[in-house]
Structures are given as C-alpha cells and as structure tokens.
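Have a look at the structure below, then the notes.
Remember, predicted model here, so these are calculated numbers, not experimental data. Counting starts at 1 for both ligands and their atoms, in listed order.
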Amino acid sequence: MEHVSFGRVYVWQLPVRVYHWVNALCVVALACTGYLIGHPFAIQSGTEAYNNYWFGTVRFIHFLSAFLFFFNFLFRIYWGFAGNMFARWGNFIPHRKEQFTEMAAVLKVDVLLAKIKPLPSIGHNSLAGVTYFISFLAFLFQSITGFGMYAAMSKSALPRLFAWIVPMMGGDFAVRQWHHMMMWFFIIFSIVHVYLVFYHDYVEGRGTISSMAGGWKFIEHEKNK
Ligand code: HEM
Ligand code: HEM
C-alpha cells in the first residue's frame, strides 16, 4: 500500500469563505427573482387582484439580495488588497509569464482531460483566477445597471448615485435588456464553476471543495512506499 503524507496550507481566510457563500446565495436568489421579473406569470392566485402582492415580494427579495450582494462585493474588492497572498488581486489579473503557462496547462486538463501534474498554484489556478476576475467585472456591470434602474423608484442616496446610467445607456428598456442578458452569464458561469470545482477536487486530490468551507488545502509532501 502506498503511503502519502500531506501538509496542509490555510488558503481561504474566513472573510473569503463568508464572502463566497453569501455571494453564491445572493446570485442564486437574484437570478431566480430576476428571471421572474423578466417573465412574470400571467396568472394571479384565486384571490382578488388587490389582495395579491407576490410580484412585489419577488421584487423585494431581488432588491434585498441586491444590497447584500453589492456590499459583499465591495468588501471583497477591499479584501483583494488586505487579505492573504491567495486572496490578493495579483491572483486574478494575470501579469507573470508563469500564470500564462499555467493557464495553458489548466486548459489541457479541463478541456482535453489531460492527466494533471501538480499545478504551481495552491490558491486559485491562473485560469480560475482570470475567470473570477471576469465574473467580478460582470458583478460590477450588474450592480451599475441594477442600481441605475432602481434610481427611478428609490429616494435613497445609493441608487440615486447611479441615476445617470440609464440615460447614458439609451434608456430603461436597453438597460433592462443588458441586465437580463447578464443573468445568463451568471447561470452559465455557475454551472461550469460547480462542475470544475468538483472535477479539480477529483483530479488534484487537494480538497478543493472543502477548502471553501474550512479554508485548508492539502499538498503532497513525499511518497513512502
Ligand atoms: C447577479 C446579479 C443579478 C442578476 C442575475 C439580476 C437579474 C435580473 C433580471 C433577469 C431582471 C429582469 C430584467 C427584465 O427582463 O426585465 C432584473 C431586474 C431588475 N434588477 Fe436585477 N439582477 C442582479 C443584480 C441586481 C442588482 C445588484 C440590483 C441593484 C439594485 C438590481 C436591480 C434590478 C432592478 C431595479 C430591476 C427592475 C425591476 C423592475 O422593474 O421590476 N439587480 N434583474
Ligand atoms: C454549490 C455551489 C458552489 C461550490 C461548491 C463552490 C465552490 C468553490 C470553490 C471550492 C472555490 C475555490 C476554487 C479554487 O480554488 O479556485 C470557489 C471560488 C469562487 N466561487 Fe464558488 N462555488 C459554488 C457556487 C458559486 C456561485 C453560485 C458563484 C457565483 C456566481 C460562485 C463564485 C465564486 C467566486 C467569485 C470564487 C472566487 C472566490 C474568491 O477568491 O473570492 N461560486 N467556489
């Protein structure tokens, strides 16, 4: 029997883990309620129309999750400067040659199903990092267009800050369509993301999935036969 000893590395600090799960829950809630806002049911329940508020509730959940999502996102931007080496922006924005080499290696693993050699990165691999960066840009876009639309129906200061977005983007109809299309980016991202974290958990054997719960990843030290 082969004995392999592992060292453990504390990769994801508590703020990153909390950020991740709050964000994941918010995105699911926003996509479900957003879909309903875009395709409302034509039927009402059996009660009189004045007695129905389900659509209001759907919108309320959308806006509540939107605020949570937005402040959580702002916090993660800050944590990209303040967090440990695995949380920092340098992991998301490729700028070193090794990161591009690793991206090519991960593409071979993910697309061509090549056998994995241990990847240099212990945190996000470079391809995952750049994908998360693209998703952060999409978060920004979704927040700007969302608060832009919300400005028309809110007197609060935060949405009012975004009031100029709607005229700049060509009116409410155009902004809603962009906001709607971006929902599909998140749906596709989430499906591919969950598939890939499961796949990497399997091929790397370093505890990828549980690392987002407990923070630790495991690295092979040495092999004793
Ligand atoms: C991942 C994040 C988000 C997703 C997937 C999402 C999705 C959607 C979708 C699909 C719609 C319906 C658009 C249509 O077809 O008419 C919508 C509407 C809307 N969303 Fe979002 N949204 C997100 C974030 C936000 C944020 C951060 C805000 C900020 C307040 C926001 C505010 C709004 C507003 C104001 C509407 C229009 C509601 C109405 O007129 O009844 N959304 N959203
Ligand atoms: C059951 C569902 C999910 C699981 C098991 C999961 C798991 C993970 C894991 C293990 C990582 C770290 C992977 C690595 O080392 O690169 C990660 C990172 C990440 N995930 Fe998820 N995820 C889920 C859902 C989502 C959803 C719905 C979103 C939002 C669209 C999301 C967005 C992200 C982001 C942005 C990161 C980077 C985190 C950071 O560094 O701040 N995840 N996820």
Side-chain angles (χ1 to χ4, degrees), residues 11-13 15-40 55-56 58-73 75-77 79-80 83-84 86-89 91-92 106 119 121-129 131-136 138-154 156 158-159 162 165-166 172-173 175-198 200-201 204 206-215 217:
V11 178
W12 310 124
Q13 297 160 290
V16 173
R17 278 132 58 204
V18 172
Y19 160 79
H20 177 268
W21 294 114
V22 169
N23 184 58
L25 287 176
C26 285
V27 169
V28 171
L30 285 161
C32 294
T33 51
Y35 184 85
L36 287 173
I37 295 169
H39 301 270
F55 195 69
V58 167
R59 290 177 78 230
F60 176 72
I61 297 171
H62 196 79
F63 303 146
L64 194 68
S65 344
F67 275 81
L68 192 57
F69 162 86
F70 181 69
F71 284 105
N72 193 44
F73 172 50
F75 170 78
R76 185 64 184 88
I77 294 177
W79 200 252
N84 70 10
F86 304 109
R88 286 177 178 259
W89 285 113
N91 297 290
F92 296 93
V106 179
L119 293 170
S121 299
I122 300 164
H124 302 310
N125 70 56
S126 306
L127 187 67
T131 322
Y132 300 141
F133 184 62
I134 294 168
S135 82
F136 287 146
F139 288 153
L140 188 68
F141 183 85
Q142 208 63 342
S143 306
I144 290 175
T145 50
F147 280 110
M149 285 189 284
Y150 198 50
M153 41 188 134
S154 166
S156 340
L158 177 64
F162 294 85
I165 296 289
V166 174
D172 197 54
F173 187 72
V175 178
R176 281 183 74 123
Q177 263 185 330
W178 283 110
H179 193 80
H180 189 116
M181 270 189 285
M182 198 52 99
M183 171 184 70
W184 288 102
F185 168 83
F186 287 111
I187 292 174
I188 294 165
F189 169 90
S190 303
I191 294 170
V192 176
H193 171 66
V194 173
Y195 161 71
L196 282 178
V197 292
F198 273 75
H200 277 260
D201 191 288
E204 291 181 31
R206 287 172 164 182
T208 307
I209 294 180
S210 75
S211 73
M212 229 358 130
K217 278 195 186 176

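The closest approach between M153 and ligand 1 falls below 4.0 Å for a heavy atom of the residue. Using 4.0 Å as the threshold, F73 has no heavy atom nearer than that to any atom of ligand 2. Using a 4.0 Å cutoff on heavy atoms, F70 does not count as a contact of ligand 1.
Between the side chains of T145 and W178, not a single donor N or O lies within less than 3.5 Å of an accepting N or O.
Under 4.0 Å from ligand 2, not a single heavy atom of R206 appears. At a 4.0 Å heavy-atom cut-off, ligand 2 does not touch F198 at all. If you look at F139 next to ligand 1, there are no close heavy atoms at all, none under 4.0 Å. Contacts between F92 and ligand 2, counted as non-hydrogen atom pairs separated by less than 4.0 Å, involve the side chain only. For F147, heavy-atom contacts with ligand 1 shorter than 4.0 Å involve the backbone as well as the side chain. Using a 4.0 Å cut-off between heavy atoms, H200 makes no contact with ligand 2 at all. Counting heavy atoms under 4.0 Å from ligand 2, residue F86 does not touch it at all.
Scanning all protein heavy atoms for the shortest distance to atom 15 (O) of ligand 1 gives H180 ND1, 2.5 Å. Nearest protein neighbour of atom 5 (C) of ligand 2, counting heavy atoms only, is W21 CH2, 3.8 Å.
Here the shortest heavy-atom pairing between F55 and P40 reads CE1-CB, 3.8 Å. Among all heavy-atom pairs drawn from M183 and G34, the shortest one is SD-C, 4.5 Å. Of all the heavy atoms in D201 and G207, the pair that sits closest is OD2-C, 3.7 Å.
Under 2.8 Å from atom 21 (Fe) of ligand 2, one finds the following protein N/O/S atoms: H20 NE2, H193 NE2. Protein N/O/S atoms found under 2.8 Å from atom 21 (Fe) of ligand 1, listed by chain and residue number: H62 NE2, H179 NE2.
For the pair Y150 and ligand 1, the shortest N or O to N or O distance does not fall below 3.5 Å. Of the N or O atoms in K217, one or more lie within a sub-3.5 Å distance of an N or O in ligand 2.
The aromatic ring centres of Y19 and F73 sit 6.0 Å or more apart. Aromatic ring centres of F162 and F147 lie closer together than 6.0 Å. In this structure, F92 has its ring center under 6.0 Å from that of H124.
Every side chain to side chain donor-acceptor pair (under 3.5 Å) that H62 has, sequence neighbours left out, goes to T33. Residues meeting the side chain to side chain contact (heavy atoms under 4.5 Å, CB included) test with H193, sequence neighbours left out: H20, Y132, F189, V197.
Nearest to atom 40 (O) of ligand 1 by heavy-atom distance, out of R176, R59, H39, is R176.
Each of the atoms 1 (C) of ligand 1 lies under 4.0 Å from some heavy atom of F186.
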